[in-house]
There are 2 protein chains.
Amino acid sequence: MGITERREREKEEIRRKILDAARELFMTEGYDKVTMRRVADAIEYSPTTIYHHFEDKDDLVEALCHEDFAKLLQALDPAQMPADPIERLRQLGLAYARFALQNPNQYRFMFLTPREEHPHPEDSPGYQSFGVVRQMVADAKAAGRLRDDDVDAMAQTLWACVHGAVCLVTTFRPEQFPCVPPAPDLIERTVDASIRGLLKE
Amino acid sequence: MGITERREREKEEIRRKILDAARELFMTEGYDKVTMRRVADAIEYSPTTIYHHFEDKDDLVEALCHEDFAKLLQALDPAQMPADPIERLRQLGLAYARFALQNPNQYRFMFLTPREEHPHPEDSPGYQSFGVVRQMVADAKAAGRLRDDDVDAMAQTLWACVHGAVCLVTTFRPEQFPCVPPAPDLIERTVDASIRGLLKE
DNA sequence: CGCTATAAGTTAACGTTGTTAACACAGAGA
DNA sequence: TCTCTGTGTTAACAACGTTAACTTATAGCG
């Protein structure tokens with residue numbers, strides 16, 4: 001009986017429609033402008049329908065980000081990085097930042113929005129991507145290139161620095177930067193300085 | 001005619017009441033929970049009254065943060081810092097982070113909330129505090145301790161790194177941190193690594 | 001086949017929110 | 001005394017997330 005399968009396919013189809021319509025709004029206009037009613041309008045269903053596929057608005061956006069962050073995980077693929085452990089870390093930081101700048105709204109929702117109701121699932125690609133950082137720091141340490149022993153702490157330090165640069169650049173438009181416009185290579189500088197700060201001698 | 005002066009004093013008084021009531025809500029419950037109606041209830045006026053003192057909700061919160069960030073500027077007072085330019089930078093970063101952790105909601109609103117309608121005034125204490133960083137980096141460079149010449153870029157790099165650590169710590173609760181809980185000294189580590197990354201030799 | 005439970009969709013509403021129009025009223029200045 | 005300005009009110013608007021109540025199709029079962 002392929003009927004239930006067809007039903008499931010149809011259900012999957014509208015879930016897709018919802019996600020794609022929401023992503024369109026989310027990418028161009030941000031979280032606040034993604035309203036259940038606008039998403040519903042876009043797919044020509046009633047707002048209530050969305051609640052048959054997603055628990056609430058946060059659940060919808062979470063699912064949307066889950067998909068997009070899968071692309072981050074791909075972009076951080078260690079296989080595409082150079083051999084030298086330090087140069088690898090550098091490319092990792094740049095790839096991470098590149099994703100964030102290309103998907104600022106997703107990035108904000110994943111890494112900048114406090115959650116009490118719906119914490120991120122631990123196996124979300126956003127979380128997993130930290131695992132990649134961690135592993136690459138461990139490699140650099142194994143190669144004797146890092147000054148410290150605490151791999152987790154060093155990985156978090158690197159993450160914090162790149163995260164900070166990304167946040168500044170995505171929050172302020174250049175003319176809104178305090179005092180002076182952002183250095184055009186602020187991201188690269190931050191990646192470089194934070195890695196250099198962890199190097200042995 | 002002290003009448004107009006009394007009027008102005010009274011106007012100032014209720015402005016104070018609004019700000020204090022809003023701050024109470026803002027500090028303990030965050031931006032979303034500061035509603036015009038709750039603020040109005042707290043001071044026993046109608047919601048509309050607030051609009052005679054502030055343009056809109058963002059204007060109110062902006063004024064509130066303006067006051068609080070004056071305290072940041074005090075906390076960054078160079079006179080209270082040690083003599084050695086690098087040690088000064090370190091203490092500056094720690095003081096900055098301390099303020100952010102003590103006033104997370106204000107910090108978010110000032111440095112993490114994109115603005116189109118009401119950009120920060122350029123003379124706001126939040127902006128001015130970047131000037132302090134800039135000056136201290138300039139001093140360190142004048143002392144020949146930094147590897148680079150671009151003072152603005154270096155100041156922004158340091159800012160970005162500390163900002164990132166602060167954002168992580170204030171966004172995620174410890175048990176929500178990806179993979180591993182945050183290193184207890186993540187802030188210090190980030191300050192140290194980022195400064196070390198800018199040092200000469 | 002006929003009955004029923006379920007899933008998927010709808011309309012209409014509730015309780016919020018920020019904000020504003022319309023109005024009341026006190027009092028300063030002409 | 002009249003009028004204008006400032007300060008406050010009530011009542012409403014439009015938009016939001018969400019949900020209760022209802023319809024309708026249909027899969028599964030006797």
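Protein chains get the first letters and strands the later ones, always in sequence-line order, with residue 1 at the start of each.
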Length of the line joining [X]:[atom1] and [N]:[atom2], which is rounded to integer Å:
| X | N | atom1 | atom2 | answer |
| --- | --- | --- | --- | --- |
| Ile14(A) | dT10(C) | CD1 | C1' | 12 Å |
| Glu13(B) | dT7(D) | CD | P | 13 Å |
| Arg15(A) | dG9(C) | CZ | P | 14 Å |
| Tyr45(B) | dG6(D) | OH | C1' | 14 Å |
| Glu44(A) | dG9(C) | CD | C1' | 15 Å |
| Phe54(A) | dA8(C) | CZ | C1' | 15 Å |

From dA8(C), dG9(C), dT9(D), pick the nucleotide closest to the side chain of His52(B)? dT9(D)
Pairs under 3.5 angstrom only: tabulate donor-acceptor contacts from the side chains of residues 84-101 of chain A to other protein residues two or more places apart or in another chain.
| residue | atom | partner | partner atom | Å |
| --- | --- | --- | --- | --- |
| Asp84(A) | OD1 | Arg145(A) | NH1 | 2.9 |
| Asp84(A) | OD2 | Ile86(A) | N | 3.2 |
| Asp84(A) | OD2 | Glu87(A) | N | 2.9 |
| Glu87(A) | OE2 | Gln91(A) | NE2 | 3.2 |
| Arg88(A) | NH1 | Pro82(A) | O | 3.1 |
| Arg90(A) | NH1 | Asp192(A) | OD1 | 2.5 |
| Arg90(A) | NH1 | Asp192(A) | OD2 | 3.1 |
| Tyr96(A) | OH | Tyr107(A) | OH | 2.8 |
| Tyr96(A) | OH | Trp159(A) | NE1 | 2.7 |

Tell me, please, which residues at least two apart from [X] pass side chain to side chain donor-acceptor pair (under 3.5 Å).
| X | result |
| --- | --- |
| Arg196(B) | none |
| Asp59(B) | none |
| Thr48(B) | none |

Is there a side-chain polar atom (N or O) of Lys11(A) under 4.0 Å from OP1 or OP2 of dA7(C)? no
Ignoring backbone atoms, test whether His53(A) places a side-chain nitrogen or oxygen under 4.0 Å from the OP1 or OP2 oxygen of dG9(C). yes
Inspect the surroundings of NZ in Lys57(A) and state if more than 12 heavy atoms from other residues, nucleotides or ligands are less than 6.0 Å away. yes
Can you sort out which residues in residues 104-116 of chain B have a heavy atom within less than 4.0 Å of DNA chain C? Ascending by number, please. none
N/O contacts under 3.5 Å, protein versus nucleotides 13-20 of chain C?
| residue | atom | partner | partner atom | Å |
| --- | --- | --- | --- | --- |
| dG18(C) | OP1 | Val34(B) | O | 3.3 |
| dG18(C) | OP1 | Lys57(B) | NZ | 3.3 |
| dG18(C) | OP2 | Met36(B) | N | 3.0 |
| dG18(C) | N7 | Arg37(B) | NH1 | 2.7 |
| dG18(C) | O6 | Arg37(B) | NH2 | 2.9 |
| dT19(C) | OP2 | Tyr51(B) | OH | 3.1 |
| dT19(C) | OP2 | Lys57(B) | N | 2.9 |
| dT19(C) | O5' | Tyr51(B) | OH | 3.4 |
| dT20(C) | O4 | Thr48(B) | OG1 | 3.3 |

In a table with atom names and distances, give each donor-acceptor pair under 3.5 Å that connects a side chain of residues 70-79 of chain A to protein atoms at least two apart or in another chain.
| residue | atom | partner | partner atom | Å |
| --- | --- | --- | --- | --- |
| Asp77(A) | OD1 | Ala79(A) | N | 3.1 |

Could you name each residue pair satisfying ring-ring contact (aromatic ring centres under 6.0 Å, His included) that touches residues 10-66 of chain B, not counting sequence neighbours? Tyr31(B)-Phe109(B)
Which residue pairs pass the ring-ring contact (aromatic ring centres under 6.0 Å, His included) test when at least one of the two sits in residues 176-198 of chain A, sequence neighbours left out? Phe172(A)-Phe177(A)
Can you find a heavy atom in the side chain of Ser194(B) that is under 4.5 Å from one in the side chain of Ser194(A)? no
